[in-house]
Amino acid sequence: MPSFDSEKAFRKEQVKKFWREGEYNVWFSTTSIGVIVLMALTVLYVVVSNGAAALWPRDLALITTHEGQRYLGELIQTEHFGPEKKKLRYQLKIGNRDLYGLDFKWIPDSEIEKIEYPTDAYTLEREEYGNFYGFLVQTQSPALDPSQKGLATLDKASHEAQEKLHVLTKEIKDLAYQMEDLRLKIQAIEYKNAEDPAALPLKAQIETLKEHFEGLVNTQAELAQAALEHLAIFKDATDRQKSIPRGLIHRYFQPNQLGLGGKLAVYGKRLFELFFDEPRESNTEGGLFPAILGTVMLVFMMSFVSFPLGVVAAVYLREYARKGFLVQAIRVAVNNLAGIPSIVWGIFGLAFFVYFVGGGIDALFFPERAPNPVFGTGGMLWASSTLGLLTVPVVIVATEEALGSVPGEIRHGSLALGATQFQTLMRVILPMAGPRIMTGFILAMSRAAGEVAPLMITGVVKLAPTLPVDGRFPFIHLERKFMHLGFHIYDVGFQSPNVEAAKPMVFVTTLLLLGVVVLMTSASIILRSRLKKRYAGRTF
Amino acid sequence: MNDTLTYDSVMTVRGLNLFYGEAQALFNIDMDIPKHQVTALIGPSGCGKSTFLRCLNRMNDLLGNVSLNGTIELEGGVNIYDKHQDPIQLRRQVGMIFQKSNPFPKSIYENVIYGLRIAGENHKAKLDEVVELSLKRAALWDEVKDRLDQTALGLSGGQMQRLCIARAVAVGPEILLMDEPCSALDPKSTAKIEDLIMELRGNYTIVIVTHNMQQASRVSDYTGFFYEGKLIEFDETQTIFTKPTNQQTEDYITGRFG
């Protein structure tokens, strides 16, 4: 240690050291990392806190103003407003869209006389018009005598009717499907020969089905009408009455009476519904099952396209192709492909896959369906193929790096034992490069899962009537359109007529999309670390 | 060439010239490689001895940009550079040990039988037999017989190199080429490998490239001295190290240059 004459000299030396040893670089990089982590955490915090809270059943507040007006609803947030932000106001979700037109109301603190939490207030989740907040007046049902007032008794009476209706609806759907199937068969036969007698028995069959179908539809209408007679009559905070058929109430509860356990139960049910139910109310409520299924399936299908193609291309480039200008040019081109905006890929997918390939398939195999497309329109197959192409550069680059990282002496060792180049590749090089190739897969998967723009023109829809996987032969329907979490966010968040009401759904969907991506990538990371362990060693 | 040498040769090299692109690396090499003997190739770095070694099992083919002329004939007069000659087949006859041990990231067992597996041998009893025999030949059996199913990457450097020898032996070659097999090993492991080379001599023809003059004199029967791409002198090791005929050889082995 050199000694210093004074404190000042010591300080000066310290400052010099700071610059000389490059300490400022360390500070700079630490700050960068800090900023990145902070931003990531902020996004995560916003999404997780909002997403997780969106399903929580909130208490119902009854607000009375000085002027005697009464509002019942969920307290969403408070906000300071006005000059110097001195005034406070509450945002109340008052629901009852059919009565008020608007779901939300801002009430300034200065106007509020009192806030109560009435225990007998109900939250109703409805099939139509969003939530209803109010108080039960009475129930009405042909199956019950007027003395039986509670909602629980109405449930029983209504349940039976609903169940019948449900079974019937399913039957009608099956019938319609069968009829469509027959119609297509007839179309195919008559396309070849309009007079073909082979179509006649099918036509007879369709007629019988049609008769049966119409009968069922009539019964369904009657049943639906009857189901509407199980009424619950509610009133809102201003005593306006509203009778609501029990069948249109999706769920009801009295949040101010629920303890933590009860609220958790509602939360759990909503969560389950989110994962396994269909969406309602133009996607702003209900479940996300079709979108989850679509997203996961899309990524898997994408993998089938992208991974083999990318690995094979990289193997050729690295192992077989003669090094030279052409290979180098291809390599540069591949790297540049990764930078093409995804919407351009979408347009390419639309032109090439949908119109050219799909149109070609239609012309060859389904000429009788024209002008209705089968494969010549966006669908799961084309969307996943487009994403596959979009992610192929990532896989190629990663695989090339991985193959290059296998030491040359290992290759030579194998070849010197009389192995062919192909044997060396399959038995030594690919297994050793495996973990790094997996890294490429993971990157490709997360990129694909988050991509929305190319899907919008190659097959994603706001609401798909059918799933790409179902119980009908051939079980996987790759030509079908599908739903997607990413598109769902865009659609619900920015295309919905009632953006404020859709906000919770946007957060929930975002959280779910994040969850799906994290789940899929962590699965591959676990797989990769297993591979790594198997080939771990001191030589590399 | 020293015409007074008389021995059975297993490989006959005649007029071998090798070029890396435009640059010539080997000049008109003639050599008869003695059967069931150890031949050491010595010379300063860049003299072409490793390049020459790699010609013997056509490993140079893999480098691209390499061209050569001349002949290398096996016993029976087959030129290994003949158009119809399959390098895969050749490499089964002429095994190679590298400077840096290069076991595959597989179990010890799988490493040894790699050459057989790729040749399509899957008979368990046969494979077991070969593993034991090869590992015994490589003087490694006693050390690893209880952990054949463990990864070869857990072995020490010397053990790995002997595993590579076992792996090469398992294919059943006639000739083993060794490219500075001990240069990355400590003296104790080196001694073991050298003992092993002497033991293997009875069954295999060994060609070893080495920078270590003592090693060459200890293990080899014949020695070739390379300098600037030419085979300067080839003779019995004893002769080379005691009374070399060429001045350059003498200068090199006495340490005056190199």
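Given the structure is predicted, the values throughout are model-derived calculations rather than measurements. Letters A, B, ... are given to chains in the order of the sequence lines, protein chains preceding strands, and every chain is numbered from 1.
Each of A:Gln423, A:Arg322, A:Met426 has some count of heavy-atom pairs under 4.5 Å with chain B, and the biggest count is that of A:Gln423.
Within 6.0 Å of CZ on A:Phe300 lie no more than 12 heavy atoms contributed by other residues, nucleotides or ligands. The number of heavy-atom neighbours closer than 6.0 Å to CZ of B:Phe19, taken from other residues, nucleotides and ligands shown, is above 12. Around CZ of B:Arg58, the count of heavy atoms belonging to other residues, nucleotides or ligands within 6.0 Å exceeds 12. The neighbour count for A:Phe475 CZ, taken as heavy atoms of other residues, nucleotides or ligands under 6.0 Å away, is above 12. Within a 6.0 Å sphere centred on CD1 of A:Ile340, other residues, nucleotides and ligands contribute more than 12 heavy atoms.
Among residues 179-194 of chain B, no residue has any heavy atom closer than 4.5 Å to a heavy atom of chain A. Close approach to chain A, defined as a heavy atom under 4.5 Å from one of its heavy atoms, is seen in B:Tyr114, B:Gly115, B:Arg117, B:Ile118 of residues 109-131 of chain B, taken by number.
What you find for A:His412 and B:Met59 is that their closest heavy atoms are O-CE, 3.4 Å. The minimum heavy-atom distance between A:Ile410 and B:Asn102, with the atom names listed, is CD1-O, 4.0 Å. Closest approach of A:Met432 to B:Pro105, counting heavy atoms only: CG-CG, 3.1 Å.
Atom CG in A:Leu417 sits 11.5 Å away from atom CE in B:Met96 (nearest 0.5 Å).
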